[in-house]
A.B. asks: 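Okay, handing you the structure first.
Bear in mind the structure is a predicted one, so any value in this text is a computation, not a measurement.
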Amino acid sequence: MPQVILTSPDQLAQLRIAPDPDPARPWWTLRHAHHGDQRAWEITFDAQTPVEIIAAVTDTLTAPAPPPTASVDPYGPLRAAGWHAPRHHDGLTSPQGMSSPNGLARVDRIAAESRRSAGWVVETSVHHLPAIWRAYVDGNAPSHVVSAIFGALADTTPLVRHPHRVPPLAVTHGSTSTRQVSTDSVAFALRNRISALAQRNSASTPPAPPPAPAPRRTR
């Protein structure tokens, strides 16, 4: 049960990975400190959360481009993917939620707490059965970060997994297929991703100015 804590260079963000014997407890916690006009915020993810969802957040936070100055509609990616109002409302959360076309994933707006804006709970589940995975998004999280989570959630690109690592409920109620992949694509997946992110960051870094010419000596 290793615990890992990663801290951003500016010491404002911290990603904590703390596996818990209870799979329903959050394993991943991302905290960002108060900075300027941005209030402190937090996002937590359950153990079964697809790593692609978490990577959408970390990739957004480490993007070399500055964050948008105007607020972003976080529901935009969901509407574009055909999400709609949930068919089954529990009466405890705000009706401002949205459900995926197949009904397996949903986003609910949770009531605001003292000194915090209304946040979101994100989960994939089968009606009347335990959730496959769940995430909580602080209402103070920047809108472009929330939009990145929702965009990854609405992405219909298949997730590549070993058959034995797919949650049983996802197998019985979701859509799965089997195909062979090359050894290299698996062995070098992490290295290729790191290289792509490094290239993304270096491409946006302006070249260093040429050194100033040395002053000429005069007699």
A.B. asks: Would you name the heavy atoms of A81 and A154 that are closest together and state the gap between them?
C.D. replies: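 Minimum heavy-atom contact is CB-CB, 3.7 Å.
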
A.B. asks: Treating S100 as the side-chain partner and A105 as the backbone partner, does any N or O pair qualify as donor plus acceptor under 3.5 Å?
C.D. replies: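 Yes, S100 side chain to A105 backbone: donor-acceptor pair under 3.5 Å.
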
A.B. asks: Would R79 and D73 count as a salt bridge (Lys or Arg N to Asp or Glu O under 4.0 Å) here? Give the steps.
C.D. replies: CA-CA 10 Å; R79 294 193 185 96; D73 177 15; 2.6 Å; yes

A.B. asks: Do you know the tightest heavy-atom contact between P74 and W120?
C.D. replies: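 In this case the closest contact between P74 and W120 is CG-CZ2, 4.2 Å.
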
A.B. asks: For L12, does its backbone N or O pair with a side-chain atom of D10 as donor and acceptor, under 3.5 Å?
C.D. replies: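 Side chain of D10 to backbone of L12: a pair is present.
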
A.B. asks: When you measure from the side chain of S195 to the backbone N and O of R191, does any donor-acceptor pair fall under 3.5 Å?
C.D. replies: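 Side chain of S195 to backbone of R191: a pair is present.
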
A.B. asks: Taking atom types as modelled, find out whether D155 and T157 have a side-chain donor-acceptor pair closer than 3.5 angstrom.
C.D. replies: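 Judged by distance alone, the side chains do pair up.
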
A.B. asks: For F45, run the side-chain contact (heavy atoms from CB on, under 4.5 Å) check against I53, V122, V51 and tell me which one passes.
C.D. replies: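 Of the listed residues I53, V122, V51, the side-chain contact (heavy atoms from CB on, under 4.5 Å) partner of F45 is I53.
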
A.B. asks: Which pair of heavy atoms, one from P130 and one from L169, lies closest together, and at what distance?
C.D. replies: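 Scanning both residues, the minimum pair turns out to be O-CD1, 3.6 Å.
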
A.B. asks: Please check if any side-chain donor atom of R200 sits under 3.5 Å from a side-chain acceptor atom of T62, or the reverse.
C.D. replies: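 Looking only at side-chain atoms, T62 and R200 do form a donor-acceptor pair, the distance falling under 3.5 Å.
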
A.B. asks: Just by distance, do the side chain of D46 and the backbone of Q48 share a donor-acceptor pair under 3.5 Å?
C.D. replies: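 Looks like no, no N/O pair under 3.5 Å.
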
A.B. asks: Measure the acute angle between the ring planes of W41 and H32, then classify it against the limits of 30° and 60° as parallel, tilted or perpendicular.
C.D. replies: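 Ring orientation of W41 relative to H32: parallel.
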
A.B. asks: Do H35 side-chain atoms and D37 backbone N/O form a donor-acceptor pair below 3.5 Å?
C.D. replies: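 Absent.
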
A.B. asks: Output yes when a side-chain donor or acceptor of T60 lies under 3.5 Å from a complementary backbone atom of A56, and no otherwise.
C.D. replies: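 Yes, T60 side chain to A56 backbone: donor-acceptor pair under 3.5 Å.
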
A.B. asks: Do V57 and I17 belong to the same hydrophobic cluster, where Ile, Leu, Val, Met, Phe, Trp and Tyr are linked whenever their side-chain heavy atoms lie under 4.5 Å apart, directly or via other members?
C.D. replies: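 Same cluster: V57 reaches I17 through Ile, Leu, Val, Met, Phe, Trp or Tyr contacts under 4.5 Å.
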
A.B. asks: Quick one: does R134's side chain have a donor or acceptor within less than 3.5 Å of a partner on T124's backbone?
C.D. replies: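 No; zero donor-acceptor contacts below 3.5 Å.
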
